[in-house]
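In what follows, a single structure is set out as structure tokens and then discussed.
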Amino acid sequence: MKLYAPSTIKELKEKHGFRLSKSLGQNFLTDKNIIDHIIEDSLISQNDLVIEIGPGIGVLTAEAAQVAAKVIAIEIDQGLIPILQETLREYDNVTVVNQDVLKTDLKELIRENHCGGVRIIGNLPYYITTPILMKILEDRVPADSITVMMQKEVADRIKSAPGNKTYGALSVAVQYYCTVEQILSVSREVFIPQPKVDSTVLRMDVRKEHPVELTDEKVFFQCIKAGFEQRRKTLLNSLSGTAGLGKDAIRDILAVAGIDPVRRPETLDLREFAAIANFMVDYTKDHQE
Ligand code: SAM
């Protein structure tokens, strides 16, 4: 069965009385080259456990099952479960979990199904791309890589560098946890139904070691949040109030870090944010004693 063929999608829908849900971000892939490209660039090896987010009717799942040791596909829509049972019946290494990925304990799932490496893949439901990624990264789900399709604009933000309009808290957060590589640009025309946006596939290789040393990760993320919430302000103004520190303290901290207080947060790289956060922690300690 050519799962990716529009005629198959139509047939399965009719047979199972399935209705596509816009609110669940259901846009199904219909291009075999793109499916193959995603699977190939996910770098799945035969010992790996693959976790797929949002299998739909199973186009990526079926291909992953042929190259991985095991595939666990997490699908929220109950209406797709009988379809997946049919389309994936020849693969005895696939488990479909009917659950919301945001409420799934991925670490537990990985512990229970331990294989060689862990590769997360998916054509993500776009309405929750950022929460899904941040959950995986902040929970430190022990994955080697995350290869996922998302709305082009979100991918542009994730891979962006300092000084760009698209550079923001999401870029710094993801780049702190991962190295990011763009795999593919995907036209809106290869989906059923056609979405209003184009897509990008990124592979995020989870770093074994963080690129900067942090005294307190919480303060680092507070700094980033404060900096980008008011990105048109100077650093001095946007960071005032962070970690309970006033303007004078921030001025001192920026001086010790060697960072010009009139710079805009969007010009700072990961190392500079880390330096500020670490000096904030030192400053707080020094002024408590
Ligand atoms: N992988 C399929 C493909 O490429 O054709 C479907 C991708 S479609 C963009 C996103 C899929 O994610 C849908 O099947 C949708 O039902 C599912 N989904 C949406 N929200 C979800 C959630 N919170 N947890 C798990 N799956 C979800």
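Counting convention: from 1, in listed order, for ligands and their atoms alike.
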Discussion item. Can you tell me if L124 contacts ligand 1 (heavy atom of the residue under 4.0 Å from the ligand)?
Written reply: yes
Worksheet item: Judged by atom type as modelled, is there a donor-acceptor pair below 3.5 Å linking the side chain of T284 to the main-chain atoms of M280?
Response: yes
Practice prompt. Could you see which bit of P55 sits under 4.0 Å from ligand 1, with heavy atoms only: side chain, backbone, both or neither?
Written response: backbone
Worksheet item: Out of G79, G25, S23, who gets a non-hydrogen atom closest to atom 8 (S) of ligand 1?
Response: G25
Practice prompt. Determine, for D205 against R203, whether the closest basic-nitrogen to carboxylate-oxygen distance falls under 4.0 angstrom.
Written response: yes
Response to the item:
Here the gap from H16 atom NE2 to L12 atom CG, rounded to the nearest 0.5 Å, amounts to 5.5 Å
Worksheet item: Please state which protein non-hydrogen atom is closest to atom 19 (C) of ligand 1 and give its distance, to 0.1 Å?
Response: L24 O, 3.1 Å
Worksheet item: How does I76 reach ligand 1, by side chain, by backbone, by both or by neither, if only non-hydrogen atoms under 4.0 Å count?
Response: both
Practice prompt. Please indicate whether any nitrogen or oxygen in I53 is less than 3.5 Å from any nitrogen or oxygen in ligand 1.
Written response: no
Discussion item. With a 6.0 Å cut-off (strictly less than), is the heavy-atom count around CD of E112, excluding the residue itself, greater than 12?
Written reply: yes
Worksheet item: Can you find a non-hydrogen atom of L102 under 4.0 Å from ligand 1?
Response: no
Item to complete: For ligand 1, note which part of Q99 has a heavy atom under 4.0 Å away: side chain, backbone, both or neither.
Response: backbone
Discussion item. I want to know whether F273 and F221 have ring centres closer than 6.0 Å.
Written reply: no
Discussion item. Contact between ligand 1 and M149 is defined here as a heavy atom of the residue under 4.0 Å from a ligand atom; is it met?
Written reply: no
Worksheet, complete the sentence: Taking only non-hydrogen atoms of E75 and a 4.0 Å limit, the atoms of ligand 1 in range are 13 (C), 14 (O), 15 (C), 16 (O), 17 (C), 26 (N)
Worksheet entry | Atom pair NZ/CG of K225 and L239 - distance to nearest 0.5 Å | 13.0 Å
Practice prompt. Look at the rings of H210 and Y177 and say which category their plane angle falls in: under 30° parallel, 30 to 60° tilted, over 60° perpendicular.
Written response: perpendicular
Worksheet item: Counting from 1, what ligand 1 atoms have a heavy atom of I74 closer than 4.0 Å?
Response: 25 (C), 26 (N)
